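One structure below.
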Number of protein chains: 2
Amino acid sequence: MGSMPAQPRSAPASTTSTAGTAGTAGTAGTAAPASSRREQILREAGRLFAERGFHGVGVDEIGAAVGISGPALYRHFAGKDAMLTELLVGISSRLRDGGLRRAAGAEAAGLPPSATLDALIDGHIDFALDDRDLITLHDRELDRLPREERRQVRQLQRQYVELWVAVVRAAHPALPEDQARAAVHAVFGLLNSTPHLSRRALLPDRDTTAALLRRLARAAFTAAAPPPE
Amino acid sequence: MGSMPAQPRSAPASTTSTAGTAGTAGTAGTAAPASSRREQILREAGRLFAERGFHGVGVDEIGAAVGISGPALYRHFAGKDAMLTELLVGISSRLRDGGLRRAAGAEAAGLPPSATLDALIDGHIDFALDDRDLITLHDRELDRLPREERRQVRQLQRQYVELWVAVVRAAHPALPEDQARAAVHAVFGLLNSTPHLSRRALLPDRDTTAALLRRLARAAFTAAAPPPE
DNA sequence: CAGGCGGGTTAGCGGGCGTTAACCTCGGAA
DNA sequence: TTCCGAGGTTAACGCCCGCTAACCCGCCTG
């Protein structure tokens, strides 16, 4: 825990001692190079926003979470809104791009639509299990964005949804489009449900959970087609 | 069940005006038994909280939504927190009580566990489709409550979840408890997904949506059991 | 060795919001 | 008729919070 991050980290020679808490050393050692201050701030802000809501978190708290205090954040971001914007745009972009990549890959490999759908499901599960905070934010704090940014995020989200809808319809041609769309939203809700019970070890281990979610999601789409009557 | 958009929505409360005029006018005789001012406030507050978040709504706005202005709310509630508390306790209680009632009824009728589970699913779907705002609030603003009230709501929610877990395990004995619990949460996420796309008529009509959700939820539980291997 | 600039610091302003205070006005008992 | 309480009103207070201002320091570059 207390291990020094090795980085020089300007010694806070100044009085105050605010730095104390900083820690949490989240970073989870992603191989990614140099998690800059900026990214560190984004990570902590995302966590706090997910925990207590955008309006429920003050800039001083965000600063404290990374070991600096309050207004220093403005050296990195134009304001609190800008942090949320960057978080939400980033999430939506990653989801959409990842989905497009997987769908294109599956199609190029000549796999059937059902396998493409499975690839989308697996990708979303990875995201939901690995970035719980972001998933939470993503469908909870959208309305706190200024108009133009909100439009941008919504567009990305819509593209992601429509990608799924197209694949679902290819895999289950009997399903009408509006029901396919509703089913996609429902499965998103299903897959995104994990963040809510993240607290307390109520979940099985990651692999078991992932396998469970995969089974549930696939079965849901299969059942979405109207009953054979 | 018309959504009753009515709500006279008083004009911008001109200054000065002698208070007198307002008087009893409001609440035009809704067939419902005396929707008191109190309930009217709760309804509007719930809608606003769901739309913009607890911290994103001011008391003046809530007042304006029911035709009175700001501090008049304090004749009916101890404060803003009290409104959220009453909303969340009410939702959680209704969910739990409705679940207990249906489960007891199904059991008394000698139905098999799978039929009991179906009854729970149908009940939850009705709630999710008819009280979207409340469903949204219920798993989104819990953390804005003061400590003690939050504990109370969480307890109600837990009882509801455990009721489902018991029924699921009776219906699917092969499913381990932790996975059953995770599946229950996942299905809640699935069923509660409808509020998110309520805006814009993206959904099929109510009956179609309800039938679709029912199919998805049942299939999910059936698929939750580990693969036969 | 100078100097600028990246990245910190504290102090403080301005606005918004929850809440309280003081006051008003009815409708319905006593 | 009087009075009182329920349910409004506006004014205002105090706090919190986002953001700006003014200042400071150490590293890297010329």
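Nothing here was measured: the structure is a model prediction, and the numbers come from that model.
- The CG-C1' distance, from A:Leu73 to C:dG6, rounds to 15 Å in whole Å.
- Fit an axis to the five pairs at each end of the helix from C:dC1-D:dG30 to C:dA30-D:dT1 and the two axes sit 10° apart, to the nearest 10 degrees.
- Rounded to a whole Å, the CG atom of B:Asp60 is 11 Å from the P atom of D:dT9.
- Contacts classified as ring pair (Phe, Tyr, Trp, His ring centres under 6.0 Å) and involving residues 57-99 of chain A (residues at least two apart or in different chains) are not found.
- For B:Ala72, the side-chain contact (heavy atoms from CB on, under 4.5 Å) criterion is met by B:Ile68, not counting sequence neighbours.
- A straight line from NE2 of B:His76 to P of D:dA6 spans 11 Å, rounded to a whole angstrom.
- In this structure, CZ of B:Arg38 is placed 14 Å from P of D:dA6, rounded to the nearest angstrom.
- For residues 43-73 of chain B, every residue pair satisfying the ring pair (Phe, Tyr, Trp, His ring centres under 6.0 Å) rule, not counting sequence neighbours, is listed here: B:Phe49-B:Phe54.
- Between B:His55 and C:dG18 there is no side-chain polar atom (N or O) within less than 4.0 angstrom of OP1 or OP2.
- Of the listed nucleotides (D:dG8, D:dT20, C:dG8), C:dG8 has the atom at the smallest distance from the side chain of A:Arg37.
- Residues meeting the salt bridge (Lys or Arg N to Asp or Glu O under 4.0 Å) test with A:Glu162, sequence neighbours left out: A:Arg181.
- Residues passing the side-chain contact (heavy atoms from CB on, under 4.5 Å) test with A:Thr136, sequence neighbours excluded: A:Ala50, A:Arg140, A:Pro195.
- One interatomic measurement links the two molecules: OH of B:Tyr74 to P of D:dT9, which rounds to 14 Å at whole-angstrom precision.
- Side-chain atoms of A:Arg75 stay outside donor-acceptor range of the base of C:dG6, with no qualifying N/O pair under 3.5 Å.
- The nucleotide whose nearest atom lies closest to any side-chain atom of B:Val59 is, among C:dG8, D:dT20, C:dT19, C:dT19.
- The stretch residues 78-88 of chain B comes close to DNA chain C through B:Gly79, B:Lys80, each having a heavy atom under 4.0 Å from the strand.
- Among D:dC19, D:dG8, C:dG7, the nucleotide with an atom closest to any side-chain atom of A:Pro71 is D:dC19.
- Side-chain atoms of A:Ile68 lie closest to C:dT9 of the nucleotides C:dT9, D:dC19, D:dT9.
- A perpendicular orientation is assigned to the rings of B:Phe188 and B:Trp164, their planes being inclined by more than 60° (bins at 30° and 60°).
- Partners of B:Asp207 by side-chain contact (heavy atoms from CB on, under 4.5 Å), not counting sequence neighbours, listed by chain and number: B:Asp205.
- Per the geometry, CZ belonging to A:Phe77 stands 15 Å off P belonging to D:dT20, to the nearest Å.
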Apply the test salt bridge (charged side-chain N to carboxylate O under 4.0 Å, His left out) to residues A:Arg38 and A:Glu86: give CA-CA distance (whole Å), side-chain angles for both, the deciding distance (0.1 Å), then the verdict.
CA-CA 11 Å; A:Arg38 210 152 181 293; A:Glu86 193 153 328; 2.7 Å; yes
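- Nucleotide C:dG18 holds its P atom 12 Å from the CG atom of B:Leu48, rounded to whole Å.
- With sequence neighbours left out, the side-chain contact (heavy atoms from CB on, under 4.5 Å) criterion links B:Ala211 to B:Arg214, B:Arg215.
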